[in-house]
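What follows is a single structure, written as structure tokens, with notes after it.
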Number of protein chains: 2
Amino acid sequence: MTLTKTEEDYLKALFHLSLENESDKAGTNQVAEYLGLSPASVNNMLKKLKGKDLVAYEKYGKLTLTESGKSVAVRLIRKHRLWETFLFKHMNFTWDEVHEVAEQLEHIQSSKLISELDKFLGHPKRDPHGAIIPNEQGEYSLEPHITLASLQVGDTCRLTSVRDSSVPFLQYVSRIGLALSSRIRVAEVQAFDGSMTIETEGNAYTVSKKFAEHVFVEKI
Amino acid sequence: MTLTKTEEDYLKALFHLSLENESDKAGTNQVAEYLGLSPASVNNMLKKLKGKDLVAYEKYGKLTLTESGKSVAVRLIRKHRLWETFLFKHMNFTWDEVHEVAEQLEHIQSSKLISELDKFLGHPKRDPHGAIIPNEQGEYSLEPHITLASLQVGDTCRLTSVRDSSVPFLQYVSRIGLALSSRIRVAEVQAFDGSMTIETEGNAYTVSKKFAEHVFVEKI
DNA sequence: TATTTATATTAGACAAAGCTAACTTTTTAT
DNA sequence: ATAAAAAGTTAGCTTTGTCTAATATAAATA
Ligand SMILES: [Mn+2]
Ligand SMILES: [Mn+2]
Ligand SMILES: [Mn+2]
Ligand SMILES: [Mn+2]
């Protein structure tokens, strides 16, 4: 009944891709791309996960997690984000360093450790990237994901979270003086390519549309 | 160059068995017994570890760790004991609960995490079982291991550490009111089987020779 | 010394998770 | 509607780490 680290990582990938895909489904090749594996390997694992009733799909059809599969994925995400919070708050890790180590720590099997860690951290609501941490029952609120890219010239907002945990992206965000809760004003948007000039703390930076799509904000 | 969890566990087993074996060597069957595997599996792995210059032996001969193998083992033991200390001091684990989870945590790959954890814990010298934690350079002092069983009637001592991390043993130690630093007086020793009656905190208990051999003490 | 017992090794099989190359089905574009 | 492209599947091979059964060597005992 205990899943391997590998099986857990597949379920987590399926969960993330299903969320992004608004159809709430994912494809084999997409999973392969996401995990850096061949489609053949993914197909092979999907058969196994279907056999364990964690994933549902028809041959040549799209993939969904079963309730059971979703539950495993959410508990894993909870562990991942609690560990990231621990590393950031108590181990002096920067927000671009936490993900890689949390990717390992999330697979530690000990329910006592997780509930104690949660208590130790003061039941945090968000991880160092602003992502919401599911509670002990696996419940979590999906907040509206408004991207910086969707704002108009003159709009003001606060940075709530980032889409991506990749090191280059997070370092870039920091380098231009942004962090969680940063106040941002949209000063200019290029019709040509969506490039955006933003102001924060008195400084102005021009960022690509791609960048702006990876930054989640709330309007103020 | 990075070793698998399995390879690491073999090296740790060899290190522990070599220490116990006063010959400073271990046997294939002994490793198999210790890890709960077949001798064939162990032999197979030993070939691989010999190929990586972590273990040295001749066919049908006894096993020793190379300097390189010893260094891996000691670093692993350091991580194990630091994690046990963390679980015990900050996660409300009892001393019989820490080992199992530390067995997983010791394989997390992050030198930053270990050095920060060490700092966070205040550079502890001993783990929750009284075992000495090697320092960052892999240095550690082997203190004289005097067992309770070696004492005479009338001797008084202090419990410094325990040989074993098994749950039943540790729970038994606690149940008779012993813990690290407990003061113990030997009240009686049976010539027949080495059973020993000990006094601690005003209470008296009779324990087997086997038990007394698993308790390390310093005379006072 | 000869025999028995203990210890170590080899051969061959299996499960997990990955790969490439070839093939099938579905989707998209002409 | 057909052809081309994309997505998904299958077949067959590899590596890692395990097993059992058979065999070889070393140690202990008679
Ligand atoms: Mn992971
Ligand atoms: Mn995160
Ligand atoms: Mn281990
Ligand atoms: Mn210990």
Side-chain angles (χ1 to χ4, degrees), chain A residues 1-14 17-18 20-65 69 72 76 103-104 106-107 109, chain B residues 1-14 17-18 20-65 69 72 76 103-104 106-107 109:
Chain A
M1 194 66 289
T2 326
L3 303 177
T4 65
K5 171 191 173 330
T6 309
E7 290 172 321
E8 288 189 330
D9 281 335
Y10 271 93
L11 295 174
K12 194 154 64 93
L14 280 164
L17 291 171
S18 299
E20 280 177 23
N21 271 12
E22 88 270 334
S23 65
D24 219 55
K25 289 170 164 20
T28 301
N29 285 15
Q30 203 184 5
V31 175
E33 164 79 26
Y34 186 86
L35 293 175
L37 301 173
S38 73
S41 301
V42 172
N43 183 261
N44 191 52
M45 176 60 85
L46 288 171
K47 273 189 215 157
K48 199 201 302 185
L49 295 174
K50 187 182 181 179
K52 296 189 178 185
D53 197 40
L54 295 162
V55 173
Y57 70 103
E58 320 268 285
K59 223 196 228 186
Y60 291 102
K62 292 298 170 187
L63 315 166
T64 39
L65 287 173
V72 172
L76 197 64
E103 202 57 47
Q104 302 176 56
E106 70 189 0
H107 302 290
Q109 303 288 345
Chain B
M1 194 68 285
T2 325
L3 303 177
T4 64
K5 171 192 171 329
T6 309
E7 291 171 322
E8 288 188 330
D9 281 335
Y10 271 94
L11 295 175
K12 193 155 63 97
L14 280 164
L17 291 171
S18 299
E20 282 176 22
N21 272 10
E22 87 271 332
S23 66
D24 219 55
K25 288 171 165 24
T28 302
N29 285 14
Q30 204 185 5
V31 175
E33 164 79 25
Y34 185 86
L35 292 175
L37 300 173
S38 73
S41 302
V42 172
N43 184 261
N44 190 54
M45 177 60 85
L46 287 171
K47 271 188 216 158
K48 199 201 302 182
L49 295 174
K50 187 181 181 179
K52 296 189 177 184
D53 197 40
L54 294 161
V55 174
Y57 70 103
E58 319 270 285
K59 224 197 228 187
Y60 291 102
K62 293 298 169 188
L63 315 166
T64 38
L65 287 173
V72 172
L76 197 63
E103 202 57 47
Q104 302 176 58
E106 69 190 1
H107 302 289
Q109 304 286 346

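Below, read A as the first sequence line, B as the second, and so on, with proteins coming before strands; counting in each chain starts at 1.
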Nearest whole Å is fine: how far is [N] [atom2] from [X] [atom1]?
{"X": "B:Gln30", "N": "C:dT7", "atom1": "CD", "atom2": "P", "value": "10 Å"}
{"X": "A:Leu63", "N": "D:dA7", "atom1": "CG", "atom2": "P", "value": "13 Å"}
{"X": "A:Leu49", "N": "D:dT9", "atom1": "CG", "atom2": "P", "value": "13 Å"}
{"X": "B:Asp9", "N": "D:dT18", "atom1": "CG", "atom2": "P", "value": "9 Å"}
{"X": "B:Asn43", "N": "D:dT20", "atom1": "CG", "atom2": "P", "value": "15 Å"}
{"X": "A:Leu46", "N": "D:dA7", "atom1": "CG", "atom2": "C1'", "value": "13 Å"}
{"X": "B:Leu35", "N": "D:dC19", "atom1": "CG", "atom2": "P", "value": "10 Å"}
{"X": "A:Lys47", "N": "C:dA15", "atom1": "NZ", "atom2": "P", "value": "15 Å"}

Which residues pass the salt bridge (Lys or Arg N to Asp or Glu O under 4.0 Å) test with B:Glu103, sequence neighbours left out? B:Lys12
Suppose we screen for salt bridge (Lys or Arg N to Asp or Glu O under 4.0 Å). Which residues come up paired with B:Lys25, at least two apart in sequence or across chains?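 B:Lys25 satisfies salt bridge (Lys or Arg N to Asp or Glu O under 4.0 Å) with no residue once adjacent residues are dropped.
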Flag, side chain of B:Gln104 to backbone of A:Gln109, donor-acceptor distance under 3.5 Å: yes
Atom pairs and distances, side-chain donor-acceptor, residues 52-60 of chain B, under 3.5 Å, sequence neighbours left out:
| unit_1 | atom_1 | unit_2 | atom_2 | d |
| --- | --- | --- | --- | --- |
| B:Lys52 | NZ | B:Glu7 | OE1 | 3.4 |
| B:Lys52 | NZ | B:Glu7 | OE2 | 2.8 |

Report yes if some heavy atom in the side chain of B:Leu14 is under 4.5 Å from a heavy atom in the side chain of B:Leu46; otherwise report no. yes
Report, one pair per line, the protein and nucleotides 18-20 of chain C atoms (nitrogen or oxygen only) whose separation is under 3.5 Å.
| unit_1 | atom_1 | unit_2 | atom_2 | d |
| --- | --- | --- | --- | --- |
| C:dG18 | OP2 | A:Tyr10 | OH | 3.1 |
| C:dC19 | OP2 | A:Ser38 | N | 2.9 |
| C:dC19 | OP2 | A:Ser38 | OG | 3.0 |
| C:dC19 | OP2 | A:Ser41 | OG | 2.4 |

Which nucleotide in D:dT10, D:dT16, D:dT9 has an atom nearest any side-chain atom of A:Tyr60: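 Side chain of A:Tyr60 sits closest to D:dT9.
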Side chain of B:Lys62, heavy atoms from C-beta onward: which of C:dT7, D:dT9, D:dA7 has the nearest atom to it?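 Within the option list, the nearest is C:dT7.
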Please list, one pair per line, the donor and acceptor atoms closer than 3.5 Å that link side chains of residues 30-40 of chain B to other protein atoms, with sequence neighbours excluded.
| unit_1 | atom_1 | unit_2 | atom_2 | d |
| --- | --- | --- | --- | --- |
| B:Gln30 | OE1 | B:Asn21 | ND2 | 2.9 |
| B:Gln30 | OE1 | B:Gly27 | N | 3.1 |
| B:Gln30 | NE2 | B:Asn21 | OD1 | 2.9 |
| B:Ser38 | OG | B:Ser41 | N | 3.1 |
| B:Ser38 | OG | B:Ser41 | OG | 2.9 |

For a quick test of reading the model: is some side-chain N or O of A:Lys59 closer than 4.0 Å to OP1 or OP2 of D:dT10?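 Affirmative; the distance criterion is met.
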Partners of B:Asp9 by side chain to side chain donor-acceptor pair (under 3.5 Å), sequence neighbours excluded? B:Lys5, B:His107
